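In this chain, numbering begins with 1 at the start of the sequence shown. Just so it is clear, the model here is predicted, and its values are computed rather than measured.
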Amino acid sequence: GVIDWADAAVTDPAKDLGLILRDLGEEALAVAHARCVAALPAADPGLLARAVFYARCLALEDLAHGLAGGDERYSRNASAALDDLLGT
């Protein structure tokens, strides 16, 4: 059964891929992307570009949350993710 429906939504699959990229990196994204493409009913040439966009936005959201709420874990993890996502 489902324990938590709070984040359940029908949305752009690129958002889920963005979360994978932000949290697990490029290798995990490649695996997830291949499986996602196989499951989609039609080709989506912009899927990876949107996933990168979402990953960056989600990392910025975490950074803002960490800075506003004083939770250093969010700020630290978001900064590391942004370094990877922005190539800095």
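- The side-chain hydrogen bond (donor to acceptor under 3.5 Å, both in side chains) contacts involving residues 69-81 comprise D71-R73, E72-R76, where partners must be two or more places apart or lie in separate chains.
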Would you tabulate the side-chain donor-acceptor contacts of residues 26-47 under 3.5 Å, counting partners in other chains and residues two or more places apart, or write 'none'?
from: D44; atom 1: OD1; to: G46; atom 2: N; distance (Å): 3.4
from: D44; atom 1: OD1; to: R50; atom 2: NH1; distance (Å): 3.1
from: D44; atom 1: OD2; to: R50; atom 2: NH2; distance (Å): 2.8

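- Taking CG of L17 as the start and CG of L48 as the end, the distance is 7.0 Å to the nearest 0.5 Å.
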Which donor-acceptor pairs under 3.5 Å do the side chains of residues 51-62 make with protein atoms, sequence neighbours left out?
from: R56; atom 1: NE; to: L85; atom 2: O; distance (Å): 3.2
from: R56; atom 1: NH2; to: L85; atom 2: O; distance (Å): 3.0
from: D62; atom 1: OD2; to: R22; atom 2: NH1; distance (Å): 3.0

